[in-house]
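Just below is one structure, and these are the notes that go with it.
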Amino acid sequence: MKKKNTSPKHKPENNHGQSNGSSRHNLQLLILAFLTLLVFSPLLQQDFLNYDDDWMIFENPHVVHFSGESIRVLFTDFYKGQYSPLAMTISGAIYQLGAGSAFAFKLGSLLIHLLNTLLVYLLLKTLFRDHRTGLVAAAFFALHPVQAESVAWLSASYKMGIFALFSLAALWYWLSYTREHKTMHLAISLLMMILAALSKEQAIILPLLMLSVSWFEKKNLLSRKTWLPLLPFFLISLLLTLTTYLAVSSGMDIKTHEFSFLQRIFLLGYSFVSYLRLLLWPLNLAPLYGFPQAGAAAWLIYPLLGILALYLMWRASRNDRRVKWALVFFLLSLILSFSLQLVSIRDTLYADRYLYLGVPVFFGALFLGLEKVAGKNISWLFLIMILVASGISFQKAKVYKNSETFWSDAINGPYVNALAYTNRGRQYRLSNQIPRAMADYNKALELDPDFYLALNNRGKILFDQGQHDAAMRDFQKALDIMPDYPPALNNRGVWFASRHELKKALDDFNRALQLDPYYTDAYANRALAHFYLRDYKMAISDTDDFLKFKPADASMVNLRALCHRNLGDLPMALLDFDQAIELDPTDGRYYQNRSFLHYAMENYQQAWLDIQQAMALGIPANPSYIKPLSDKLEQNLTLN
């Protein structure tokens with residue numbers, strides 16, 4: 001006897017004559033958008049973080065000095081081991097439009113998240129032909145606490161958000177192509193994938209997601225009609241894989257942890273179970289998640305739990321194609337993260353942002369599965385879950401106020417590690433809270449005595465305090481652990497320069513710049529070393545390179561002027577002194593230097609005006625200069 005199906009029926013929607021239904025759906029989407037803006041509203045009063053926002057955004061020369069040349073370089077070269085030219089181009093445009101304000105970036109990130117929410121709704125509503133499932137999935141996508149990282153942390157949000165935007169659009173048009181077979185839809189889908197690939201390396205997985213859509217639409221995956229249109233997508237994925245490898249290889253070495261293959265399998269199981277925990281119990285979220293602090297027996301439990309979770313997913317989905325597709329999509333969205341763990345393991349095993357695309361399909365599957373089990377409408381239950389998630393997300397969003405609040409929250413959480421203390425220490429140092437910075441660096445080294453970032457940063461404080469020998473021990477230990485770490489090479493070079501060992505200093509500056517051609521501090525320090533070695537042409541070359549990245553730095557323009565003066569190119573020196581004063585008219589040294597130059601050029605009246613201005617700005621007058629200058633002025637007056 002055939003069993004009666006008591007599960008809710010998700011029938012294809014017929015919009016004919018149902019304007020009331022459409023209006024209700026639009027109102028629900030507007031409420032979701034309003035709630036999303038409300039939940040993430042704390043972001044709009046927040047600052048950048050010192051967690052990659054510096055070198056990715058506000059110290060990125062291609063973003064800060066955005067131009068046509070910046071776009072050319074971003075698309076044709078790598079930047080610090082990254083290749084995401086479209087995401088950085090958009091960042092550059094926002095930087096210019098918003099005058100470099102964090103508000104402009106946060107607002108842009110939030111708007112991108114809202115667009116992605118709409119695309120999630122449209123994709124899943126169309127795929128499942130069901131408004132409620134699309135709305136539930138979109139609501140969890142918009143408001144789940146793990147999404148806070150992908151919205152609030154700017155250096156991640158622009159890459160992840162823009163990648164997701166074009167990926168969702170690519171999937172949308174691919175779905176349209178599988179149903180309508182219009183070449184235009186295929187072409188637009190391919191264009192969207194290219195744009196996603198130019199935003200983030202995670203686009204590598206996009207062809208697999210498209211393949212899953214074809215399977216859901218009951219296409220024969222072995223048929224030429226199915227796989228032939230996908231070939232250009234897989235080709236782009238292959239090219240992106242190669243490009244990503246070359247980009248990472250061009251960047252600075254990153255410390256990794258050594259594990260056997262079997263241990264990596266255990267850690268992969270731990271990551272998978274942890275991702276499920278983050279979705280179902282999103283408390284104690286952190287920017288960094290460490291390794292399980294347990295013995296080998298406990299490690300074995302995680303792969304077994306992961307296998308059990310996969311088995312339960314299979315059981316729940318075997319009679320429902322929609323649930324099965326959603327769970328497969330969820331697993332595919334994480335496949336790149338899992339694959340990398342089998343190759344290289346860094347300080348953190350998993351991250352909230354890697355769930356960005358997986359959140360909606362996971363909760364869409366959960367909604368469909370639980371309704372089937374309950375045999376009735378349980379939208380009220382998911383409404384409660386969404387409201388609870390919104391409250392947690394609102395509190396989580398506040399954590400991103402600034403670097404101090406961000407890292408303090410991480411330190412107060414259950415996943416304390418050396419990086420959290422080190423980065424909070426960096427923030428304390430920048431705000432001149434030196435004792436607190438030193439305490440954080442010491443705590444970081446207590447947790448990990450070989451943490452080279454903390455060693456290098458502590459060494460800088462010791463050097464500034466005049467404890468040069470102790471500083472050198474920290475710099476050297478950092479380099480013993482990570483020999484190709486540019487900041488430690490640069491700082492050791494400064495140490496050598498302070499002892500007048502300029503040749504050794506140059507060796508360190510050269511190596512730092514070989515590893516990181518964007519390292520402005522090393523250009524500045526090498527320019528000074530060349531200057532004191534009287535190699536003025538090389539000093540000018542370094543100041544030129546520095547000023548390409550930071551053209552408004554008056555001190556380096558002044559240094560270049562001194563080099564031109566010493567080479568006898570007085571007109572060029574005058575142009576640079578003029579520029580230095582224009583950039584910073586409050587520094588009396590620049591007026592003094594220009595006064596000396598005017599004296600050498602026999603412009604005594606201008607020399608007198610400049611030295612008077614220098615004195616007014618606090619530069620002591622040197623009688624041995626003032627007296628002959630005064631005599632020259634009197635002599636000129638007599639002659640006139």
Side-chain angles (χ1 to χ4, degrees), residues 1-15 18 21 24-25 28-29 32 117 120-144 146 168 171 175 178-179 209 211-219 221 272-273 275-282 305-334 355 357-390:
M1 182 176 175
K2 188 175 180 179
K3 291 183 180 179
K4 184 178 179 180
N5 185 0
T6 58
S7 63
K9 292 181 174 60
H10 298 270
K11 295 180 180 179
E13 295 180 354
N14 183 358
N15 292 325
Q18 295 191 14
R24 185 174 67 253
H25 297 171
Q28 290 168 341
L29 288 172
L32 175 57
T117 300
V120 164
Y121 167 75
L122 292 173
L123 177 63
L124 295 184
K125 175 197 172 187
T126 305
L127 187 68
F128 293 152
R129 295 180 168 90
D130 176 48
H131 160 75
R132 288 193 310 122
T133 305
L135 185 64
V136 166
F140 275 100
F141 175 83
L143 299 165
H144 195 283
V146 298
L168 290 166
L171 289 167
L175 174 60
T178 61
R179 290 180 176 177
L209 302 180
L211 197 61
S212 74
V213 170
S214 296
W215 172 85
F216 181 80
E217 291 294 300
K218 298 183 179 179
K219 304 297 181 181
L221 300 187
F272 179 54
V273 172
Y275 277 129
L276 296 179
R277 195 277 299 174
L278 291 176
L279 289 168
L280 297 172
W281 191 255
L305 288 174
I307 293 170
L308 176 62
L310 289 173
Y311 172 74
L312 293 175
M313 288 179 181
W314 173 77
R315 289 279 298 179
S317 66
R318 59 179 181 168
N319 295 322
D320 192 322
R321 193 175 188 85
R322 298 163 306 170
V323 176
K324 188 176 295 184
W325 173 84
L327 292 176
V328 168
F329 188 102
F330 169 71
L331 293 173
L332 288 175
S333 71
L334 292 172
L355 287 168
L357 280 182
V359 167
V361 291
F362 179 86
F363 282 97
L366 189 64
F367 176 69
L368 290 168
L370 289 180
E371 275 215 338
K372 185 173 183 179
V373 172
K376 59 182 179 181
N377 188 325
I378 58 168
S379 298
W380 61 270
L381 174 61
F382 278 76
L383 177 59
I384 293 173
M385 293 170 62
I386 290 166
L387 291 176
V388 171
S390 299

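Numbers for residues simply follow the sequence, beginning at 1.
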*Report the residues that fulfil side-chain hydrogen bond (donor to acceptor under 3.5 Å, both in side chains) with Arg321, sequence neighbours left out, ordered by chain and then residue number.*
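Scan of Arg321 (side-chain hydrogen bond (donor to acceptor under 3.5 Å, both in side chains), adjacent residues dropped) gives none.
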*Applying side-chain hydrogen bond (donor to acceptor under 3.5 Å, both in side chains), name anything that partners Ser214, two or more places apart in sequence or on another chain.*
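Ser214 satisfies side-chain hydrogen bond (donor to acceptor under 3.5 Å, both in side chains) with Trp174 only.
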Restricting to non-hydrogen atoms, name the atom on [X] and the atom on [Y] that form the minimum distance, rounded to 0.1 Å.
X      : Y      : value
Lys372 : Asn319 : NZ-O, 3.1 Å
Val273 : Gly306 : CG2-N, 3.6 Å
Arg179 : Leu127 : NH2-O, 3.3 Å
His144 : Val359 : CB-CG1, 4.0 Å
Thr133 : Gly364 : CG2-O, 4.3 Å
Pro360 : Val120 : CB-CG1, 3.6 Å

Measure the spacing between [atom1] of [X] and [atom2] of [Y] and express it to the nearest 0.5 Å.
X      : Y      : atom1 : atom2 : result
Leu334 : Leu355 : CG    : CG    : 5.5 Å
Ile378 : Leu383 : CD1   : CG    : 12.0 Å
Leu122 : Leu168 : CG    : CG    : 10.0 Å

Would you check if [X] and [Y] make a side-chain contact, meaning some heavy-atom pair closer than 4.5 Å?
X      : Y      : answer
Met385 : Phe367 : no
Leu276 : Trp281 : no
Val146 : Tyr275 : no
Phe330 : Phe363 : no
Leu308 : Met313 : no
Val328 : Phe216 : no
Leu366 : Leu279 : no
Asp130 : Lys125 : no

*Should Leu310 and Leu327 be marked as a side chain to side chain contact (heavy atoms under 4.5 Å, CB included) after you check the CA-CA gap, both sets of side-chain angles, and the distance that decides it?*
CA-CA 9 Å; Leu310 289 173; Leu327 292 176; over 6 Å; no
*asked:* Closer than 4.0 angstrom, basic N to acidic O: yes or no for Lys376 and Glu371?
replied: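 Looking at Glu371 together with Lys376, the answer is no, because their closest N to O distance does not fall below 4.0 Å.
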*Compute the centroid of each ring, for Phe362 and then for Phe141, and state whether the two points are separated by less than 6.0 Å.*
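When the ring centroids of Phe362 and Phe141 are compared, they turn out to be at least 6.0 Å apart.
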*Given side chain to side chain contact (heavy atoms under 4.5 Å, CB included), test Leu332 with Ser212 step by step and report yes or no.*
CA-CA 9 Å; Leu332 288 175; Ser212 74; 4.2 Å; yes
*Mind checking side-chain contact (heavy atoms from CB on, under 4.5 Å) for Ile386 and listing every partner two or more places apart, or none if nothing turns up?*
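By the side-chain contact (heavy atoms from CB on, under 4.5 Å) rule, Ile386 matches Ala139, Phe140, Leu143, Ser390.
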*Step-by-step side chain to side chain contact (heavy atoms under 4.5 Å, CB included) determination, Arg132 to Phe382*: CA-CA 11 Å; Arg132 288 193 310 122; Phe382 278 76; over 6 Å; no
*For the residue pair Tyr121 and His131, does the interplanar ring angle fall in the parallel (under 30°), tilted (30 to 60°) or perpendicular (over 60°) class?*
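Answer is perpendicular, since the angle exceeds 60°.
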